[in-house]
Amino acid sequence: MARAYDVSEVEKKWQERWAEEGTYEVDSDDPRPPWYVLSMYPYPSGPAHMGHVRNYTFGDLLVRHRTMLGYGVLSPFGFDSFGLPAENAAIKTGTHPRIFTDARIAELKDSVTSLGAVYDWRREVRSHDPEYIMWNQAIFQKLLAAGLAYRATAPVNWCPGCQTVLANEQVLADGTCERSGDVVVKRDLEQWFFRITQYADELLAGLDELEWPERVKTMQRNWIGRSEGAEFDLVVEGRDGSDGREPLALRVFTTRPDTSFGMTYAVVAPEHPLVDALTTAEHRADVAALRSRAEASTDVERMSESGPLSLVKRGVFTGSSVINPFTRRPVPVYVADYVLMGYGTGAIMAVPAEDARDWDFAQAYGLPVVRTVQPPEGWEEHGGPAGGPGGAYTGTGEKINSEWLNGLDIPTAKAKASEWLETEGIGERTVNYRLRDWLISRQRFWGCPIPVVYCPDHGILPVPLEQLPVLAPDDVEFLPTGESPLATNPEFLNTTCPRCGGPATRETDTMDTFVDSSWYFLRFTDPWTPDVPFDPEIASHWMPVDQYIGGIEHAILHLLYARFFTRALADVGLAPEEMREPFARYYAQGMIRMDGTKMSKSKGNLVAPSSYLTTVGADALRLFHLFVGPPADDMDWTEQTDSVIEGCGRFLDRVWRLAVPPDEPVPQTRSGPLTGKDVEVQRATHRLIDRVTRDFERWSYNTAVAACMEFVNLLHPYVRDGGQVEVVDAALDTLLLLLAPMTPHVTAEAWERRHGDHVHLRPWPVSDPVLVAEESVTMVVQVNGKVRDRVEVSPEVSEADAERLALASAAVVETLDGAAPKRVIARPPKLVNIVV
RNA sequence: GCCCGGGUGGCGGAAUGGCAGACGCGGUGGACUCAAAAUCCACUGUCCGAAAGGGCGUGCGGGUUCGAAUCCCGCCCCGGGCACCA
């Protein structure tokens, strides 16, 4: 398609100029009010794909718009450059991950620049830079010293495909690895953890103040999974100490202490430490069988056995009973894998009447059910699935069968039961979280080495700060062995103890790459001050990030880790104490789908942006992404998409031809007094300012673009038919200013030709309220809610006048046909509805 | 199973209790041209009608209201998150 101007030349010229003139470089002593815009730093996988284009278009728009509004805008960029693909490429091709990664970074950087997105490149951060590694390690040492990093043996998620440990968050719901798709198995390994659970309450409470999408906050709340309840002891029957033997009790956690009178059995997890003590001789074989099966089974197998029918296989009686302290009667204790050792106390009181899982288990084992909440009328007959008999009832209702709790509602009964447990000294109120500590060890090469040394005499020792960074050597074997490749490199592995100087070995695991991305936004604020990862004062100047932009796929992991890290850094003195939340506003843009799946390199359904850069150009591609729909929505890339992109290019051509008329013929503008048509265009200009400004505020870029198109549709015939020169100039200048954040190159070039300076350094236009106000509005006249006429009225028309005008309408008179209105609703100046 | 979103022309979407379908894509017709491209102009939800005009219409069924795409109740479908977390 022939374009109205040389797109490639114009775009190249301005990209170079923005870089040369450092237009978007900003320092912390900048007198303008600070504003920090950040798009999530990308994993460098090669040239930008459409998802990047969409993301960086929104980010760049904000940077340019906020700059025009008078802010000193911090707009940094960097690369999340550690990670598996580079290492896999190394395994496959023998190329060192650094060489591979640096090449991908160069490609991505290049294509981001060719979109016209502007950044303060002086601040570029790359996870694999030795300096960033050093500070990552220094932070680790601080966390270690503060007890926020620790080493522990734990059953961990092991991915046989990736040959590494995974965080809980990286295991999908079906028990497979999010990256390789292999079934994840459990292994007991000694690993490094970050104590994120220490911040569970704060991370939960902090969500309230954030301007984030509600659904993201909900996801985080669910992930943290706070539940209030009580823990208490169930004395094992015959082990109350009266026979001289050590007393034995089973501690259980419940969120429903009010249902305690309905406890008809108890369950312990297969891994529970008291299983042996509870199991009687005759049940030992059964229990052992169950335990070994539970140990060997993967999460997938456990899940596939779920459902009431399979429960029979999954639990076994221990032979022991415990005393329900509420009823003082014994109930049997079972071992079952539906109780998890990792949550609460690893043991539960089972109340089949008010818990679905306990109900299923009780049905399978013929255990009694005692209701303690009155179910609604008819529940036992048709409260269940498909109108069948009702099962566990978890709703509200009056307490029954519960002695001194009878007649109470559930919240009151909960409080009273907990209070009783505390006064009797049997237990206490507690809070439990679903959130686990963050496992950061990875048996991988291409990551930040964990900077510790193991000395046979002095144990675990941090590598001294002056010896940081601990860098991986280049000559390693990359084949996946289940151990970090670093372990196979004697020169790296063998070192000396920092305390005694004797022989010692290094930790060979590297950190989860989510560690890198948990504080890069802080590093961006000040990558220059020596001896600190960033200057706390300077960080304070910019933080929190005013607008964070990135995919919803990071709603839990990255965003939660970063929130934890910011607090942890503040608490160990690396960041100001009052800095708690890193991202004040977060916007999750939708993803791009093709044939129903996410467009991604791994799916092989990428559409390369580069081909559009040479045809319609970056501006048209950006405009398309803004115009196609609400930014939060997913968008489908279809056969029609190319035509829409062409349409965006056509629109920019029209803008160009209006704003930069060719020498011949000269546009037919005239000077002199304003006619009605001139004033109409003038008013439309100011209404456009108003509309685009408001649409920008609410992220409604598609309607902002539509408004500009509408305006051009109005302007085009006006200019052609001889518009008033000042009105035309003001209209075109305004249009260029409003489009400048969206389509920076073409507006910059057109503006320079018209005025000789930079459009992006001009202030954002301000509308004149007098001109924005409508001169006359169309009032709709309805009869019984149906439109019968439209009348032009003044915006200030009175209720009485509106009513009078409506009733005088010929169309209304005809419709009424002599009938007297029962009621007239006048909402001047928009509408009058006559009810007959 | 639980918790969020969402369902509007041929398509992307607009309209946050007041003219449903802005804007764009696609389509149809026309102007310009030897012709094409580009550009420009007009029409384009659906049904009835030659037209003027009118009926119907925002997943389905009810309700609130002078008035509902919008609010409430029930249902269906699509997308996402969580899921033995006691």
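Keep in mind it's a predicted model, so treat the numbers as computed, not measured. Letters go in sequence order (proteins before strands), and every chain restarts at 1.
- Side-chain atoms of A/M349 and A/V331, non-hydrogen and from C-beta on, never get closer than 4.5 Å to each other.
- Contact annotation for A/V780: base contact, defined as any heavy-atom pair under 4.0 Å involving a base atom.
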Wobble G-U and Watson-Crick pairs count when both distances are under 3.5 Å; given that, what is the 5' to 3' dot-bracket string of RNA chain B, with | for pairing to other strands?
(((((((..(((.....[....)))((((((.......))))))((((....))))..(((((..]....))))))))))))....
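- Atom pair A/R720:CZ and B/U39:P shows a separation of 15 Å (rounding to whole Å applied).
- Distances from the side chain of A/I348 to the nucleotides B/A86, B/C66, B/C23 place B/A86 closest.
- Closest approach to the A/L831 side chain among B/C25, B/C19, B/G18 is made by B/G18 (side chain taken as heavy atoms from C-beta onward).
- A sub-4.0 Å separation between OP1 or OP2 of B/C40 and a side-chain N or O of A/R654 is present.
- Only the C1' atoms considered, B/G9 is 14 Å distant from B/C56, to the nearest whole Å.
- Within 4.0 Å (heavy atoms only), A/R698 reaches sugar-phosphate atoms of the nucleic acid but no base atom.
- Residue A/L688 contributes atom CG, which lies 14 Å from atom P of B/C23 at whole-angstrom precision.
- Put simply, NZ on A/K217 is 16 Å from C1' on B/G5, counting in whole angstrom units.
- Rounded to whole Å, the P atom of B/A14 lies 14 Å from the corresponding atom of B/C23.
- Each of B/G12, B/G81, B/G26 was ranked by its minimum atom distance to the side chain of A/M219; first place goes to B/G81.
- Comparing B/G12, B/A86, B/G18 by their closest approach to the side chain of A/V628 singles out B/G12.
- Every residue two or more places apart in sequence or in another chain that forms a ring pair (Phe, Tyr, Trp, His ring centres under 6.0 Å) with A/F696 is listed here: A/H65, A/Y701, A/W764.
- Between A/R434 and B/A83 there is a side-chain N or O to OP1 or OP2 distance below 4.0 Å.
- Residues A/R3 and A/D6 are not paired through a salt bridge, judged by the lack of any N-O separation under 4.0 Å between the basic side chain and the carboxylate.
- A/N222 comes within contact range of no nucleotide atom at all, as no heavy-atom separation falls under 4.0 Å.
- Atom CG of A/N702 and atom P of B/A14 are 5 Å apart (whole Å).
- What separates CE of A/M709 from C1' of B/A14 is a distance of 13 Å, to the nearest Å.
- Following rounding to the nearest Å, A/M635 (CE) and B/G6 (P) show an atom-to-atom distance of 19 Å.
- At least one donor-acceptor pair closer than 3.5 Å links the side chain of A/D653 to the backbone N or O of A/A4.
- Backbone-only engagement by A/R788 is indicated by non-hydrogen atom pairs under 4.0 Å involving sugar-phosphate atoms exclusively.
- Residue contacts for A/K786: at a heavy-atom cut-off of 4.0 Å it reaches the sugar-phosphate backbone alone, with no base atom in range.
- No contact: A/R221 has no heavy atom under 4.0 Å from any strand.
- Considering only heavy atoms from C-beta on, A/F253 comes within 4.5 Å of A/T430 through its side chain.
- Of the C1' atoms belonging to B/A69 and B/A37, the separation is 42 Å, rounded to the nearest Å.
- Going from atom NE2 of A/H716 over to atom C1' of B/C41 covers 11 Å, rounded to whole Å.
- Nearest to the side chain of A/R215, among B/G18, B/C4, B/G24, sits B/C4.
- Note on A/N713: only backbone sugar-phosphate atoms sit closer than 4.0 angstrom, heavy atoms only; bases stay farther off.
- B/C72 sits 12 Å from B/U65 when the C1' atoms are compared, rounded to a whole Å.
- Base orientation at B/G27 is anti, since its O4'-C1' glycosidic dihedral falls outside 90° of 0.
- Nucleotide B/C4 holds its P atom 20 Å from the CG atom of A/D634, rounded to whole Å.
- Counting any heavy atom pair closer than 4.0 Å across all strands shown, A/S227 reaches sugar-phosphate atoms only and no base atom.
- A/E354 and A/T372 share a donor-acceptor pair across their side chains, judged by distance under 3.5 Å alone.
- Ring geometry, A/F326 versus A/F232: the interplanar angle exceeds 60°, so the pair is classed perpendicular (tilted spans 30 to 60°).
- Using a 4.0 Å heavy-atom cutoff across all strands shown, A/Q782 reaches at least one base atom of the nucleic acid.
- By the 30° and 60° cut-offs, the orientation of the rings of A/Y365 relative to A/F361 is parallel.
- Under 4.0 angstrom from either OP1 or OP2 of B/C25 there lies at least one side-chain N or O belonging to A/R650.
- Nucleotides of RNA chain B nearest to A/I552 and A/V644 differ in position, and the one nearer the 5' end is that of A/V644.
- If you check every strand for non-hydrogen atoms under 4.0 Å, A/Q640 touches a base.
- Looking at the side chain of A/F627, the nearest of the listed nucleotides B/G12, B/G13, B/C40 is B/G12.
- Between B/G7 and B/C60, the two P atoms lie 13 Å apart (nearest whole Å).
- Judged by distance alone, with hydrogens and angles left aside, the side-chain atoms of A/R563 form a donor-acceptor pair with the main-chain N or O of A/L203 at under 3.5 Å.
- Note on A/G344: nothing from the nucleic acid sits closer than 4.0 angstrom, heavy atoms only.
- Each of A/A347 and A/T703 was matched to the nucleotide of RNA chain B holding its nearest heavy atom; the match closer to the 5' end belongs to A/T703.
- The same atom, C1', is picked in B/G57 and in B/A20; the two are 9 Å apart, to the nearest Å.
- Residue A/R790 is classed as a base contact, given a heavy-atom separation below 4.0 Å to a base.
- Checking side-chain atoms of A/N702 against main-chain N and O of A/L626 turns up no donor-acceptor pair under 3.5 Å.
- One finds the CZ atom of A/R434 at 4.5 Å from the CH2 atom of A/W223 (value rounded to the nearest 0.5 Å).
- Straight-line distance between the C1' atoms of B/G59 and B/C78: roughly 11 Å, to the nearest whole Å.
- Taking atom C1' on both nucleotides, B/A36 is separated from B/A22 by 34 Å, rounded to a whole Å.
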